[in-house]
Amino acid sequence: MLQRGSSSLRKRPHQWITLVALICLTLLATSSAAPRKNTKKKLPPLNLPPLKTQEQKMQLLGYIRQNMPTLRQGSRVSFSSQDLDKALALELGDTASQAAPLIDDETFIRRASLDLTGTLPSAEKIKTFVADQNSNKRSDYIDELLETEAYARKWARYWTSVIFYESEANKRRVNPEALEDWLAEQFRKGAPWDYITVMLISATPERNKKKKNDYGQDYGPNNFVLACENKSTELASETARIFMGISIQCAECHDHPFDNWKRIQFHELAAFFHPYTYKMPSQEDPTVSTVVKPRFLLGEKPYENMKSDARRVSIAAYLAYNPQNYWFARSYVNRIWSELIGDGFYDVDSLGPDGDVVHKPIVNRIAANFRYKDFDPKWVFRLIMNSQVYQREMRTMDSPSELFTAIRPARLRPDVVANSVAHVIGEYPQLRKEIDTVFDMNPSLPQSTLEGSIQQALLLMNQRELQQALSQSELKQKLLGIRSNEELVQSLYLNVLARNPTPDELQRNVSYLQSSEKRDEAVEDLLWVLVNCTEFRTKR
């Protein structure tokens, strides 16, 4: 964690304070509009303490964090889910009257469980929750889910997928499982998002020449850098995409065609990550290159004679702690909002001009409060999930003006589909692997662009292991032990779709059971039908 004070820090406080002062002064004094001074006066070497280990880096970043003005301001600011609903209603104007109705308790418990933990609630939990008369039960349930191991694991898996989905790194030189385990530990401990981010950005993995294929990948945080193959340009592009929500990669070759980013800015950002002198190739002649000094997107530049490790610490500081870098907090808020609501305020990792943001005052206000709340990831979940906008019914929306008047129908991610199947038949590792492959989807694409496939439908319909597991499942045996057809169908729906059947569904299923000569086969048929319905693999 980011902390003040340690034995090594106390040994040489003047050196650390010098560096902190330099970075903080740079953060406060520079901006995107700052003129570039071409001074020829050579700065003296900066005699810094070592910044080799993650502990040393985090000690320094902890000092910078303590001086962050917005964190001090946060204790006096509040922004509740009710405030969010009021602010959004003002933004929507007349469209707010077209908002979808709020969902019932059955729909809420399934939606909240899938969103936070990627798992279905048990039939017993659904019954208890629906019967509970406590007016705060939805809020209490959100708090309960946020403390589970499943929450930590689900969101660790999501961010690991975000980082690795388009990575072209050699698979022997990365370890996504180590990153997922480390992220799960951080979410379990309640680590703030800035801490997680600066650990990833400032990592400096080194190759162990004494051991084959050891690039430091078994240490979780190293894997963001390794997923980018430790390439300066890739690190610049992915840092902007994942942690700022900005699409800047095309500026590697030319000035951005739709935004203000210049080619030189991309290479100045890349220079932070280069171990030595960084050179930008000429557009006209690739054999010619120009030396480029590191400079952050808002104009900040590190002390000139910083070593490579210190430069990575400084870019982590500029990214997370510069109060003017509103993109950092906003990109996290926008991703979580997009995952929960089905639409983001903008495409999660491809923000062009700022004009592409819808309802900008809302996302900016949530992002500012996220910063005030110490970058607490759980605060964002609580804010959104306790709001009316999250607890509305689903429907498709055709125009941007309708956004956030309802929840967009969403396909479940592959690990969530696999969890739902395991909820019905138990755990089958090979089947889980197959579902992960067939239901694979880019976690950074908006739900409105995702489509199902024939392979997905065929897998649930015909996969041999799944069919055998359905016929031999404990759930089937449990259902066969219920003598009443009505009770059997109700238990079937609660266990597979996490809701009770409608009167029409109850009547049709009971009729089928009554008309079937073999009860065993009829129950198996009904299980198969529910596992193959669209509702089973989508958010309701």
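Side chains included, hydrogens not; waters and symmetry mates left out as well; all remaining heavy atoms used.
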Are any of the side-chain heavy atoms of [X] and [Y] separated by less than 4.5 Å?
X: Leu494; Y: Lys127; answer: yes
X: Asp115; Y: Lys539; answer: yes
X: Phe296; Y: Glu268; answer: no
X: Leu297; Y: Met244; answer: yes
X: Arg499; Y: Ile126; answer: no
X: Pro302; Y: Phe272; answer: yes
X: Leu460; Y: Leu466; answer: yes
X: Leu530; Y: Phe536; answer: no

Apply side-chain contact (heavy atoms from CB on, under 4.5 Å) to the pair Val496 and Leu492, showing each step before the final yes or no. CA-CA 6 Å; Val496 180; Leu492 170 73; 4.2 Å; yes
Any donor-acceptor pair under 3.5 Å from [X] side chain to [Y] backbone:
X: Asp181; Y: Ala178; answer: no
X: Ser338; Y: Arg335; answer: no
X: Ser113; Y: Arg110; answer: no
X: Ser314; Y: Arg311; answer: yes
X: Ser139; Y: Asn136; answer: no
X: Asn419; Y: Gly118; answer: yes
X: Gln391; Y: Met385; answer: yes
X: Asn334; Y: Phe345; answer: yes
X: Gln217; Y: Asn213; answer: yes

Hey, do the aromatic rings of [X] and [Y] have their centres closer than 6.0 Å?
X: Trp193; Y: Trp379; answer: no
X: Tyr195; Y: Phe375; answer: no
X: Phe404; Y: Trp337; answer: yes

Output, in order, the C-alpha distance, side-chain angles, deciding distance and verdict of salt bridge (Lys or Arg N to Asp or Glu O under 4.0 Å) for Arg188 and Glu185. CA-CA 5 Å; Arg188 188 184 310 116; Glu185 181 185 359; 5.7 Å; no
[X]-[Y] side chain donor-acceptor pair, cut-off 3.5 Å:
X: Asn532; Y: Arg537; result: no
X: Asn175; Y: Asp218; result: yes
X: Asp415; Y: Tyr158; result: no
X: Arg392; Y: Gln388; result: yes
X: Asn442; Y: Glu166; result: yes
X: Gln463; Y: Glu434; result: yes
X: Asn364; Y: Tyr326; result: no
X: Ser78; Y: Tyr372; result: no

Checking Phe224, Trp159, Tyr318 against Phe243 for ring pair (Phe, Tyr, Trp, His ring centres under 6.0 Å), the one that qualifies is Phe224
Do you know which of Phe187, Phe381, Tyr332 makes ring pair (Phe, Tyr, Trp, His ring centres under 6.0 Å) with Trp155?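 Single pass found, and it is Phe381.
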When Arg330 is tested against each of Ile366, Val357, Asn325 for side-chain contact (heavy atoms from CB on, under 4.5 Å), which residue passes?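 Of all the options given, the one that passes is Val357.
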From Val198, Ile201, Val225, residue fulfilling side-chain contact (heavy atoms from CB on, under 4.5 Å) relative to Arg312: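 Looking at Val198, Ile201, Val225, the match for Arg312 under the side-chain contact (heavy atoms from CB on, under 4.5 Å) is Val225.
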What do the steps show when you test Arg157 against Thr160 for side-chain contact (heavy atoms from CB on, under 4.5 Å), and what is the final call? CA-CA 5 Å; Arg157 188 172 292 126; Thr160 301; 5.7 Å; no
Do you know which two heavy atoms are closest between [X] and [Y], and how far apart they sit?
X: Ala367; Y: Val333; answer: CA-CG2, 3.9 Å
X: Pro205; Y: Asn222; answer: CB-CG, 3.5 Å
X: Arg111; Y: Tyr390; answer: NH1-O, 2.6 Å
X: Gln456; Y: Val438; answer: NE2-O, 3.3 Å
X: Arg138; Y: Ile103; answer: NH2-O, 2.9 Å
X: Ala320; Y: Asp194; answer: CB-CB, 4.2 Å

List the steps and the verdict of salt bridge (Lys or Arg N to Asp or Glu O under 4.0 Å) for Asp143 and Arg382. CA-CA 8 Å; Asp143 289 342; Arg382 289 192 179 97; 2.7 Å; yes
Assess whether a salt bridge exists between Arg295 and Glu300, defined as any Lys/Arg side-chain N lying under 4.0 Å from an Asp/Glu carboxylate O.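 No salt bridge links Arg295 with Glu300.
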So, are Arg173 and Glu229 salt-bridged, with charged N and O less than 4.0 Å apart?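 A salt bridge is absent here (no side-chain N lies under 4.0 Å from a carboxylate O).
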My understanding is that only residues two or more places apart in sequence, or in another chain, count here; which of them pass ring pair (Phe, Tyr, Trp, His ring centres under 6.0 Å) with Phe273? none
Separation of Leu84 CG from Leu383 CG (nearest 0.5 Å):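 Result: 5.0 Å between the selected atoms.
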Rounded to the nearest 0.5 Å, what separation is found between the OG atom of Ser167 and the CD atom of Glu234? 7.5 Å
For the residue pair Phe129 and Phe108, categorise the inter-ring angle as parallel (less than 30°), tilted (30 to 60°) or perpendicular (more than 60°).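 Plane angle under 30°, so parallel.
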Within a reach of under 6.0 Å around NZ of Lys137, are more than 12 heavy atoms found that belong to other residues, nucleotides or ligands?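 Counting other residues, nucleotides and ligands, NZ of Lys137 exceeds 12 neighbours.
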Would you say Arg172 has more than 12 foreign heavy atoms packed within less than 6.0 Å of its CZ?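 12 or below, so no.
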Is there a salt bridge (Lys or Arg N to Asp or Glu O under 4.0 Å) between Glu180 and Arg153? Walk through the geometry before answering. CA-CA 8 Å; Glu180 183 183 312; Arg153 182 57 60 177; 2.9 Å; yes
Using salt bridge (Lys or Arg N to Asp or Glu O under 4.0 Å), reason through Glu144 and Lys125 one step at a time and then give a plain yes or no. CA-CA 12 Å; Glu144 178 184 329; Lys125 184 70 180 178; 3.2 Å; yes
Determine, stepwise, if the pair Ser444 / Val162 fulfils side-chain contact (heavy atoms from CB on, under 4.5 Å). CA-CA 7 Å; Ser444 299; Val162 168; 4.2 Å; yes
Decide yes or no on side-chain contact (heavy atoms from CB on, under 4.5 Å) for Lys378 and Tyr151, but give the supporting numbers first. CA-CA 10 Å; Lys378 294 181 181 177; Tyr151 154 75; 3.7 Å; yes
